[in-house]
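What you see below is based on every heavy atom in this structure, not just the backbone, and it leaves out hydrogens, waters and symmetry mates. Residues take their numbers from the sequence shown, with the count starting at 1.
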Amino acid sequence: MAWALKLPLADEVIESGLVQDFDASLSGIGQELGAGAYSMSDVLALPIFKQEESSLPSENENKILPFQYVLCTATSPAVKLHEETLTYLNQGQSYEIRMLDNRKLGELPELNSKLVKSIFRVVFHDRRLQYTEHQQLEGWRWNRPGDRILDIDVPMSVGIIDPRANPTQLNTVEFLWDPAKRTSVFIQVHCISTEFTMRKHGGEKGVPFRIQIDTFKENENGEYTEHLHSASCQIKVFKPKGADRKQKTDREKMEKRTPQEKEKYQPSYETTILTECSPWPEITYVPNAPSPGFNSSHNSFTISEGNGSPNHQPEPPAPIVDVSSAMTSVQNLLPTTTPQEAQQWLHRNRFAAYSRLFTNFSGADLLKLTRDDVIQICGPADGIRLFNALKGRVVRPRLTIYVCQESQQLREHQQQKHENGEQGNGAFFVYHAIYLEELTSLELTEKLAQLFNISPHQINQIYKQGPTGIHVLISDEMIQNFQDESCFVLDTMKAETNDGYHIILK
């Protein structure tokens, strides 16, 4: 039995009136806010929609990058959500960056059993400083002569091959590595963030830097020019132990914030992941033609002085001069030497890396520099070498002896005076200085041969006249026991067996 419920006419009217009233009430919602006060963009800007949007995987997140670089240092906890991470480093401290192969099976098979090249850079994060990078780094070089911005700690690094540091790029290092093998490179950053601030009255914030890594593979010509991957991260560099204090301060500030405020900040991660970026512009690499200061041999690391701007052109290599010119170059630097001649002197004496520092220096200017001045400008090693070259200091030989060749005529003259009972003090002897470094009989033979203008093979034996006129054969040990600045009279005897000579030191 089916039942059907039929509303009376009065009920239908009531229902119709309720619907109209509900529609009218909905039409008034939002009018009190005024025209233009409500938009869909405001709704999408609410935090709930942002969280939903960030949770959705993007196209870039689904992309598998061929490599991944991990800086083994904790990130700062004082970085807001949706902002790039920030990592604090100590000046001059070695930090590990792990080079990870992130390829899928069968991806980029041309890299199997092949080396890739990675170029490390420390660059400015602020766009304003990027435009003036050349001037900024040039000023830093003048304030820190002989120092570099970026170095590789080679003894601590693993898996790197042929590390190089271009002397004309203070902020760049490079090396080869095998993606199939474990590779970790330890880097040192020597500049601090406050060195590039506009005002330096104390307490100012330092400028952020970026560590950027660009990786290349070989092309058909064996040149590492085909770009594979680039990644970077944001850093700030403090004086030694300053990064640890800054990290502690940020952590303590976050602990004092309320739970609601903490939600606006991202947590501190134990390591820093370098994120993908565009390759650094104007990357130049000349294969098989290393720049001045490069060492082309494997497992070598050469550090020199120069400018770190990518746009900076390398200085021309020092001209090649002969040995005689190089030996007399010290004497050529006089107070009257012009700046151009001083530049040539610097190149001849292997100070080409500092030629730009002394562009307008004359000979008088260079000679006025003190030992502390040149060490501060060129660093301890090259500074001491330059100071010694400026002062004309020659390395003192280990042994100096004076020899005089006794002629037959002089010997007969002395014998005749002795027979007549006359004194022999009126004789005039001319001695020659012989400088010995190795203190061997072979070295003495060569020096005596040069003195007599004969071949060393023509000297059969060298003797020293001993007690009662005996002849003692000269040996290395005897020469090592010679008293410095001893005087000898040489007597030569013709050998009976050949055309050689016997030399006797009296």
| task | Give the intermediate values and the outcome of side chain to side chain contact (heavy atoms under 4.5 Å, CB included) for residues E276 and L65. | result | CA-CA 8 Å; E276 187 181 20; L65 302 175; 3.3 Å; yes
Can you find a heavy atom in the side chain of [X] that is under 4.5 Å from one in the side chain of [Y]?
X    : Y    : value
W140 : L170 : yes
L150 : V189 : yes
L386 : Y354 : no
I479 : E443 : no
Q266 : T75  : no
P335 : L367 : yes
W177 : V116 : yes
L390 : L333 : yes

Please answer whether the main-chain N or O of [Y] pairs with a side-chain N or O of [X] as donor and acceptor at a distance below 3.5 Å.
X    : Y    : answer
T183 : K181 : yes
N219 : E226 : no
R148 : T172 : yes
S193 : V237 : yes
K236 : G206 : yes

Considering all heavy atoms, the nearest [X]-[Y] contact:
X    : Y    : result
D250 : S76  : OD2-OG, 3.0 Å
P77  : Y265 : O-CB, 4.0 Å
S184 : I160 : O-CG2, 4.4 Å
L334 : T337 : N-OG1, 2.7 Å
N90  : K239 : OD1-O, 3.5 Å
V374 : R371 : CG2-O, 3.2 Å

Separation of [Y] [atom2] from [X] [atom1] (nearest 0.5 Å):
X    : Y    : atom1 : atom2 : value
Q68  : D101 : CD    : CG    : 11.0 Å
E261 : K256 : CD    : NZ    : 13.0 Å
Q188 : L89  : CD    : CG    : 11.5 Å
L86  : S268 : CG    : OG    : 10.5 Å
Q136 : F196 : CD    : CZ    : 6.5 Å
R121 : E174 : CZ    : CD    : 8.5 Å

| query | Looking only at side chains, do D214 and S230 share a donor and an acceptor under 3.5 Å apart? | reply |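 The answer is yes; a qualifying pair exists.
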| request: State whether a side-chain donor-acceptor pair under 3.5 Å links T87 with T73. | output: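 Note: T87 and T73 side chains miss the donor-acceptor criterion.
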| message | Between the side chains of E138 and R141, is the shortest nitrogen-to-carboxylate-oxygen separation below 4.0 Å, so that they form an ion pair? | response |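 A salt bridge links R141 with E138.
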| field | Pairing of R385 and D382 as salt bridge, 4.0 angstrom limit | value |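 Here R385 pairs with D382 in a salt bridge, since their nearest N and O are under 4.0 Å apart.
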| request: Could you walk me through whether L71 and Y95 pass side chain to side chain contact (heavy atoms under 4.5 Å, CB included), step by step? | output: CA-CA 7 Å; L71 173 61; Y95 291 93; 4.0 Å; yes
| What do the steps show when you test I213 against M99 for side chain to side chain contact (heavy atoms under 4.5 Å, CB included), and what is the final call? | CA-CA 10 Å; I213 304 175; M99 316 289 288; 4.3 Å; yes
| message | Quick check on the 6.0 Å ring-centre criterion: do H125 and F209 meet it? | response |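 No - the distance between ring centres of H125 and F209 does not fall below the 6.0 Å cut-off.
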| Aromatic contact, W345 with F358 (centres under 6.0 Å) |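 Not under 6.0 Å, so no.
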| said: Considering only residues two or more places apart or on different chains, which pairs with a residue in residues 76-92 satisfy salt bridge (charged side-chain N to carboxylate O under 4.0 Å, His left out)? | reply: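 Found E84-R210.
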Within 6.0 angstrom of [X] [atom1], more than 12 heavy atoms from elsewhere:
X    : atom1 : result
R257 : CZ    : yes
Q93  : CD    : yes
N221 : CG    : yes

| query | Taking the six-membered ring for Trp, are F120 and F175 parallel (under 30°), tilted (30 to 60°) or perpendicular (over 60°)? | reply |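 Rings of F120 and F175: tilted, as their planes differ by 30° to 60°.
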| said: Parallel, tilted or perpendicular, judged at 30° and 60°: which one describes the rings of Y69 and H229? | reply: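 Ring orientation of Y69 relative to H229: tilted.
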| field | Test log, rule side chain to side chain contact (heavy atoms under 4.5 Å, CB included), inputs H227 and F216 | value | CA-CA 4 Å; H227 179 258; F216 302 85; 4.0 Å; yes
| field | Criterion salt bridge (Lys or Arg N to Asp or Glu O under 4.0 Å) on D244 and K248, from CA distance to verdict | value | CA-CA 6 Å; D244 305 322; K248 181 181 179 181; over 6 Å; no
| Sequence neighbours excluded, which residues qualify as salt bridge (Lys or Arg N to Asp or Glu O under 4.0 Å) partners of E438? |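 If we apply the salt bridge (Lys or Arg N to Asp or Glu O under 4.0 Å) test to E438, skipping adjacent residues, there are no hits.
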| Out of D153, D151, V154, which residue meets the side-chain contact (heavy atoms from CB on, under 4.5 Å) rule with F186? |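 One option only clears the test, and that one is D153.
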